[in-house]
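Structure first, then comments.
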Amino acid sequence: MKSGVHDSFDLSEEKRRILVVEDEPVNQEILKMLIGDSYEVLSAYNGQEAMELIRARHKTLSLVLLDLNLPDLHGLEVLRRMKGDPVLAGLPVIVMTADSEAEVESLTLGAIDFIPKPYPQQKVILARILRTIELSENRDILRWTERDHLTGLYNKEFFYHHAAQLDLYHKNASADAIFLNINRFHAINDRYGKSVGDEVLRRLAGSVREAVRENGGIVCRSEADSFLIYCPHRSDYGEILNRAGISIPGAGKGESRIRIRMGVYADVDKTLDLERRFDRAKMAAETVRGKFAGAIGMYSNAMRDAELLSDQLMEDFSAAIAEKQFRVYYQPKFDVRPNKPVLVSAEALVRWNHPALGMISPCVFVPLFEHNGLIRSLDQYVWAEAAAQIRRWKEQLDIALPVSVNVSRVDLLDPSLVENLKSILAANDLSSRELLLEITESAYTEDSNQMIETVCELRKNGFRIEMDDFGSGYSSLSMLSSLPIDALKLDMQFIRSAFREQKDTRLLEAMIQLADRFDVPTIAEGVETEEQMITLKIMGCDIIQGYYFSRPLPSEEFEVFLKEKRNATRPSGPVESGTDRDAPDSLHDPLTGLYNKNAFDILLQGIAHKQVTVLSAEVDHYAEIQREHGREYADRVISHVAGVLRKNFRRMDCIVRLREDKFVILLIHSGSTDRNRISSKIDRINEELREMPGELIPVALSVGVAFSDTDKTGGAVFRDADVALERRKEIRTKVLSRFLQE
């Protein structure tokens, strides 16, 4: 090769390859002489040899010239075997024969043309060969464009074309649109490799094609692991599903069969376009996602009504935004770490007051708008409304209450997101700390790098990020250490599941403890009862939201709520509160603000299996103090003792005034290893009580301590603390008696 000169393919020099199957050597030579200048010729002298060559070279052969009178296999048998093999069936065949009666049978079996014997003129032979090859190649090109390359099924575009033809020629026949999908197909690829996944798709394609071919149905592969079937109406959908349940190749015994879900839109409305029909079938399949039994979903009238509603909502969306039909409601969030819950923020929740349909729940329209992208406009509307409301509260009530708003995955893909939010804040003279951003956990799992980058940019601009629905996906635990977030909001379903009839809060507690290890506060939503609120507090949950405190309120009602709570604290700070219930102080002692007996009963039930230290404490000589100085004086002493206790224990610890002079303190996540620290704390408390303010006389606490990690749980640890208290009082009495005697 000369320097700088490269070899190249010269397609003009490539000859198409033809196999001549002829047992007579003379005829072989004649044919080579006639066509050899135009084509590369391979030779076979009997049927068996021909089949071996065809199987080995079928990808490079353009044509087979087949003599019928062969010494072993008859030429018709060779033709029959070729057309019966899906791999070889597309290879064109020209039959060579002197028997004119065999021509019809040859054409019936799949031959394209025939050349009579004795051979006609060279130009006739070459013309027939060229026409056959060109027709075959054009057919292959067409097949390549209309077929899925992996499975051989129609692609979606040609499938819709053929389905439309079936409708045209069978206008009055009922038809079904069916959607098939492999459950968790990505797991097959991950576990067994892509080659096994491809083989699964090929086998499934073959099984489904055979299942519907019998009654004239057609099949296509519409997406990676999804298939569409259009067929005359039938009722044996289970048969299709059974035949589609193939085994995973090479998976061995056991659970090796793939699981299929099917959606059926039966007796389709042919006035709908085909894509809409299969959308309905897919919608039916979604109803059985994740179900092992009943993996066939049928499109129903209820789904049709929901679809019509969706269409109407999408059509009405623009007018709803322009006319402010969407209303923003607010639900308060309370910090429950103090004994008296403190209102620290609220969540903005959107409702649609439709002029014709009335109040529409967000669970109806939010998923719809998330799917079609309208959620972006709705979110921006809510952001602006919430920011304007925060400003009004500051101006009219002198209360600065942060509000959290939802940021969807679509919003995070918007390159102008940060600037849009900053613009809304500037228009309302707000800081980024006043508009909290709730981002669902699932948003981090899709395009996570881009999402995390966007969230980091938001935090750089001062926004606080709350991960919403924490625990609803599969990424929570593995991603927690690296996610840019400022708070975790526990999925409402976790709360409901944990407090069902068979109460089991272990998973909930583990998630709160995990968040605590990463120094991330937790927010629990959907809290409805006193038991749930106190149990969550014991677990270490920081902030609680739900009907226990208040339902979501329209802005005017929430303003009344704020005015009522503001009276308990300074105008522009966090708002202390009881609960928004008929008996707002049902859990708190009115004198000290500490938990009362009602709360203690709930704590007693929820403390089992928790690592806690229990302190049982009494004010020494309280009865004498009350008798000598009166009730009002004794109340002032108790109030001061309560303040000292509150000062010396953590916000997450629970302090209960059980009766007039008795207190119970629960130290959460504390055990016997803290014995010395707790003893020092008790000494420090008594030192402070010896220096009472004003005219109050010094007092002391007798304290009994018990630890749950010394084989005592539930009520036993409380009894042990009481026993320790009684021993402590006995010791004090003996010491005092001995002192007086001396």
Report the C-alpha distance between Thr673 and Phe707 in whole Å, list the side-chain angles of each, state the deciding distance to 0.1 Å, and finish with yes or no for side-chain contact (heavy atoms from CB on, under 4.5 Å). CA-CA 9 Å; Thr673 56; Phe707 304 96; over 6 Å; no
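- Taking 4.5 Å as the limit, some side-chain heavy atom of Val527 sits within range of a side-chain heavy atom of Leu536.
- Inspection of the Arg391 and Asn428 side chains reveals an N or O donor paired with an N or O acceptor under 3.5 Å.
- Salt bridge Arg376/Asp379: absent, no basic N to carboxylate O contact under 4.0 Å.
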Run the numbers on Asp653 and Arg650 for salt bridge (Lys or Arg N to Asp or Glu O under 4.0 Å), then give the verdict. CA-CA 5 Å; Asp653 296 328; Arg650 301 168 299 176; 2.7 Å; yes
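- Closest approach of Lys489 and Asp468 over heavy atoms only: CD-OD1, 3.4 Å.
- Atom CD1 of Ile465 is separated from atom OG of Ser404 by 11.0 Å, given to the nearest 0.5 angstrom.
- Residue Asp486 qualifies as enclosed at atom CG: its count of foreign heavy atoms under 6.0 Å is above 12.
- In this structure, Phe600 and Phe718 have side chains that are in contact, with non-hydrogen atoms separated by less than 4.5 Å.
- Looking at Lys537, its side chain does come within 3.5 Å of a backbone N or O of Arg337 through a donor-acceptor pair.
- A salt bridge between Glu466 and Lys333 is present, with a side-chain N of the basic residue lying under 4.0 Å from a carboxylate O of the acidic one.
- Between Leu615 and Phe649, some side-chain heavy-atom pair lies under the 4.5 Å cut-off.
- Rounded to the nearest 0.5 Å, atoms OH (Tyr548) and CD1 (Ile534) are 6.5 Å apart.
- Partners of Arg433 by side chain to side chain donor-acceptor pair (under 3.5 Å), not counting sequence neighbours: none found.
- Taking the side chain as every heavy atom from C-beta outward, Gln389 and Glu385 never approach each other to under 4.5 Å.
- Of all heavy-atom pairs between Leu343 and Phe334, the closest is N-CD2, 3.4 Å.
- A donor-acceptor contact under 3.5 angstrom links the side chains of Asp589 and Thr592, judged on distance only.
- Within the 4.5 Å cutoff, the side chain of Val717 has no heavy atoms near those of the Thr613 side chain.
- Side chains of Gln331 and Glu347: no donor on one and acceptor on the other come within 3.5 Å.
- For the pair Gly593 and Arg646, the tightest heavy-atom approach, listed with the atom from each and the gap, is C-NH2, 4.1 Å.
- Ionic pairing of Glu286 and Arg289 is present here: one or more N-O contacts between side-chain nitrogen and carboxylate oxygen are shorter than 4.0 angstrom.
- The pair Arg551-Glu557 counts as a salt bridge, with a side-chain nitrogen and a carboxylate oxygen less than 4.0 angstrom apart.
- A donor-acceptor contact closer than 3.5 angstrom is absent between the side chains of Ser432 and Asn461.
- When Pro367, Cys363, Ser361, Pro362 are each tested for a side chain to side chain contact (heavy atoms under 4.5 Å, CB included) with Phe365, only one passes: Pro362.
- Inter-residue side-chain proximity for Asn372 and Met314 is flagged as met; some heavy-atom pair is nearer than 4.5 Å.
- In this structure, the separation between CD on Glu434 and CG on Asp429 is 8.5 Å, given to the nearest 0.5 Å.
- Of all heavy-atom pairs spanning Thr287 and Gly297, the tightest one is OG1-CA, 3.9 Å.
- Closest heavy-atom contact between Asp411 and Asn406: OD2-O, 4.4 Å.
- Here the shortest heavy-atom pairing between Ala285 and Arg261 reads O-NH1, 3.1 Å.
- Ring pair Phe558/Tyr330 is tilted by interplanar angle, where 30° to 60° counts as tilted.
- For the atom pair Glu525 CD and Ile544 CD1, the distance stands at 12.0 Å (nearest 0.5 Å).
- Salt bridge Asp722/Arg719: absent, no basic N to carboxylate O contact under 4.0 Å.
- Once rounded to the nearest 0.5 Å, the distance linking CD of Glu419 with CD1 of Ile424 reads 12.0 Å.
- Proximity of a side-chain donor or acceptor of Asn648 to a complementary backbone N or O of Ile685 within less than 3.5 Å is not detected.
- Taking the side chain as every heavy atom from C-beta outward, Ile260 and Ile182 approach each other to under 4.5 Å.
- Under the 4.5 Å side-chain criterion, counting only non-hydrogen atoms from C-beta, Met533 is in contact with Phe549.
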How far apart are the C-alpha atoms of Leu508 and Ile495, what are their side-chain angles, what is the distance that settles it, and do they pass the side-chain contact (heavy atoms from CB on, under 4.5 Å) test? CA-CA 7 Å; Leu508 191 59; Ile495 308 299; 3.9 Å; yes
Residue pair Leu436, Val403: steps toward the side-chain contact (heavy atoms from CB on, under 4.5 Å) verdict: CA-CA 6 Å; Leu436 310 177; Val403 172; over 6 Å; no
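- A salt bridge is defined here as a Lys NZ or Arg NE, NH1 or NH2 lying under 4.0 Å from an Asp or Glu carboxylate O, and Lys394 with Asp398 fails to meet this definition.
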Checking Ser670 against Arg677 for the side-chain contact (heavy atoms from CB on, under 4.5 Å) test, could you report, in this order, the C-alpha distance in whole Å, the side-chain angles of both residues, the deciding distance, and whether it holds? CA-CA 11 Å; Ser670 172; Arg677 182 177 60 82; 4.1 Å; yes
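- In this structure a side-chain-to-backbone donor-acceptor pair under 3.5 Å is missing from Asn420 to Ser423.
- Looking at residues two or more places apart in sequence or on another chain, you find a ring pair (Phe, Tyr, Trp, His ring centres under 6.0 Å) between Phe317 and Phe326, Phe369.
- One finds the CH2 atom of Trp383 at 10.0 Å from the CG atom of Leu378 (value rounded to the nearest 0.5 Å).
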